[in-house]
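Below, chain A is the first sequence line, B the second, and so on; all start at residue 1.
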Amino acid sequence: MAVREQRQFLATATEPTLAWLRLFVVALTGIALVAGGFAQAGSRVAWGVVLVAGMYAAANSMMGLYRRFRRLLTRRVYLVMDLALITLLVHATDGVGSPLFLLYSLPLVVVVLHHGVRAGACYCAAVSVLYTIVVQLGTEAETPVWLSQLGLLWALFLMTGYVSTADESREERARRRDELAAMQLAAAAATHTGDIPTVVENVLTGALGPTRCCYASIFLYDEETHGFTTCYSLSGCDGRGGSLEQQPVEVLPSDLLYQVMYTGNPISISDTHADRRLRGSVLDREGIRSMVLTPLIAPGAKRVGILCLARNEAHRATQHEMRFAGTLSMQAAVGIHTACLFEEAASLEAAKEADRLRSQLLATVSHELRTPIAAIQGFASSLKCAEDLGGLPPEMQRDWIEEIESNADRLKRLVTDLLDLSRLEAGALHMNLDLQDIHDVIDELRPNLEVLAGTHPLVIKVQSTLPLLVRCDAERIGQVLSNLVENAAKFSPPESTLVIGAERHEGVIRIGVRDEGQGIPPEDQEKVFERFYQVEGGGHRPTGGTGLGLAICRSIIEAHGGRIWVESQVGQGSIFYIILPPPTSGR
Amino acid sequence: MPRVLIIEDEPSLVKFLSQNLALRGWDVVVATDGAEGLRQARDTHPDLIMLDLMLPVKSGWEVLETLRLERDLRSTPVIVVTAAAREEDERRARRLGATDYLLKPFGVPEMLRRIDAVLNSPPRVTRTATARKANRPLLGGTS
C-alpha cells in the first residue's frame, strides 16, 4: 500500500517537488564529499565535483531551469545528469569501495515507479555499463566487490519492479471493477426511473470514479431545434462528490460541441491552453486543462447529446480511456433516450386523460342545459297544441307559463354559474380583496340569508369578543354563504334549524354552516364539491339547483387562499366549514 | 284506456309528460326514481313506458336491463327520454332493448308521433337486425 501511495505522490507531484528531491540528493552527497575531503586533505577533483553538484542543484531548483528550458531539459536529460553526477562522486570518493554507490538506487526507484519496469531495466543496464567503465578506468578492479555491487542494484530493480507490477495489476483490476460498475449504473438507470436527471446523474457519477476525472458533464441536444438545450454537470475534484447541477446553455454554432455531434467522432484534447479549437467554446472554463468529448447517439442515429469528461491537469487520453468513454456514452445515450420516450409517453397519457375529462364535462354540460330547454320547449309546444284539444282550463295554462318562466330562470342561472366557474378556474375572475370583519359581512347578509332559509329558523352565532378580520371579497364570500344556506335549506326536513357560526380557531377564521339534514356519506364528502355531482339515493332530490353551487364555493374559497370541506354523519346533519387565512398571512 | 308509466325525476318534465298524455286520454302512472319505476311497472303493467336514463337510486340503464329480463314486461315498448346526446348512448340503449330513443328537447307533436309509431309497430319479442332497421324511426329532430 505504501508503494501505491508513494506512486500516487510521485504521479501528482509537480516539477518543483522533484527538483527539491534532487537538491536533497545533491546536498547529501556534497556534505559527504566535504567531510571526506577534509579527512583526505582535499583533492581538487573532489572540490570540483562538489561545485558542479551545487550549481546543478541550485540552478535546478531555485532558478526554475526546469520550467524555463522545458524543451531542452526533459526528465531524461535530468536522469543522465543525475547519473553522471553520481558516477563522478563515486569515482572521486573511493572508487569501488565508495558507499556512495548506494545513491544509484534512488533514481532507480523513481524510474521504476514513474516510468515503469522497462525503463528501470534500461536504467540498470546503463548504470552497469557506466559503472564498469568508471571502475575499469579508476582503481584496480576488485571483481567480487564490483560484481556484488551490480548484483545489489539488479536485485533492487527486481524488487521494485515486482512491487510495481503487482500494484499495477491490482490497480488495473480495481479500475476494471469501477468501469463495470459505471456501465451497470448507466444501463440500469433507465429501467428503474423514467426521468432524465436521475439517468444523467447515474451516468456522470459512474464516469467520475474509474477515469479519475474531476469534472463530467452531459450537454443535451434537441433534434427538433437543432441545438443544445441543457447542461448537466457533476464536479468531483479533490475526491469529494459534488451535486448534479442543471443549467440551460447557449452554444454558438461554431462551437466544438457541434463538430463532435455532427461528425459523431470523439475528440480528445490533451491541453486546453494549447488547443485553438476551444476558443470561444462553452467548454473553455477555469480549472479545466484536458478533456475527452464523446457523442451520445441513440439507436436510430438519434442525436442525444455530448458527454464531456475533463481533468484539471494536462493529460493525453489513452486508447483505453477513449474506448471506455465511448462505451459509456453509448450506454448513456440509450438510457437518456429511453427516459425521453418515457416522458413523452407520460405527457401523451396526460393529454389523453385531459381530453377525456373535457369531453365528459362537455357531455354533462350539454345534458344539464338540455333539461331546462326540454321543459321550456315542451310546455311551449303544449300550449300551442292545446287548441287541438279544444281549450285548456285557465289555471293549467297559467301553471304551464310559470313552468316556462322558472325553467328559463334556471337556464339563466346555469349559464351564469358555468361562466363564473370557468372564469374562477381559469383565474380570470377578479377578487376585490378588502379588510373585512366577518361580523359586518354576516350582518349585511342576514336578510338575504333569512329569505333563502325559507321556513327554517336561522340561528347566527358569531364570536363577539374580538373582531374577526379577514382579507376577502365580501360579495363573493356572501355568495358562498348564500349557496351554503340555500343548500342546507334544500336538504333539511322542513322547520329544522340552520346554524351559521364564525370564530377564530387556531389562528384562522372559521365559518360553519350546520343543517339537520340526512347527512352525506363519507365517500361522497369530497365529491359534493365536484361539478354536477349529486348524492345518490337522496329522498330529497333538490329542485332548481344547477349542480355547480359547491364547485363555485370551492373555487372562490381557494382563490382567497382558504379551504372548504364538509363534516357529516349520515342521519345527523352536516356542517360545511370554511377557513379563511387572517390578513397577516400576506394575502 | 291505455296506461303509460313515466319514470322521470325532473318535476317539470314529469308535469309536461303526464299532463299532456292525460289530456289525450292516457292513464298516467309516475315514478321519480328507478327502483320505484320497476315496482310500478310490475304492479301496473303499463302499455308504454317512458324512461329517463339519469335517475336516482337505480339508473335508467339498469331499469331497462331489468325490464327486458322479465317475462311479463319483456315486450312492453319502452321509449327512452333523455338528454344524453352522444351517439354511443343511443346505440347502447337500443342494444339493451329500448324501442325508441327520444332526445330532449322535443315538442308535443314529435312525442305523439313517436308514441304512435311505437304502439302501431308489431310487437317484437326477439329482435333481429333487420327488424331493428325496419322499425327505426327518424331521430334527433326537434319537431
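For a residue to count as touching a neighbouring chain, one of its non-hydrogen atoms must lie under 4.5 Å from one of that chain's; by this rule A/Ala375 touches chain B with backbone and side chain alike.
A donor atom on one side chain and an acceptor atom on the other are found under 3.5 Å apart for A/Glu567 and A/Trp565.
No other option in A/Ala380, A/Ser366, A/Gly378, A/Pro372 has as many heavy-atom pairs under 4.5 Å with chain B as A/Gly378. With respect to chain B, the highest number of heavy-atom pairs below 4.5 Å among A/Thr371, A/Leu369, A/Thr364 belongs to A/Thr371.
Side-chain atoms of B/Ile115 and B/Leu21, non-hydrogen and from C-beta on, do get closer than 4.5 Å to each other.
Here the CD1 atom belonging to A/Ile578 is positioned 4.5 Å from the CD1 atom belonging to A/Ile557, to the nearest 0.5 angstrom.
Ion pair A/Arg358/A/Asp355 flagged as a salt bridge, since at least one NZ, NE, NH1 or NH2 atom sits closer than 4.0 Å to an Asp/Glu carboxylate oxygen.
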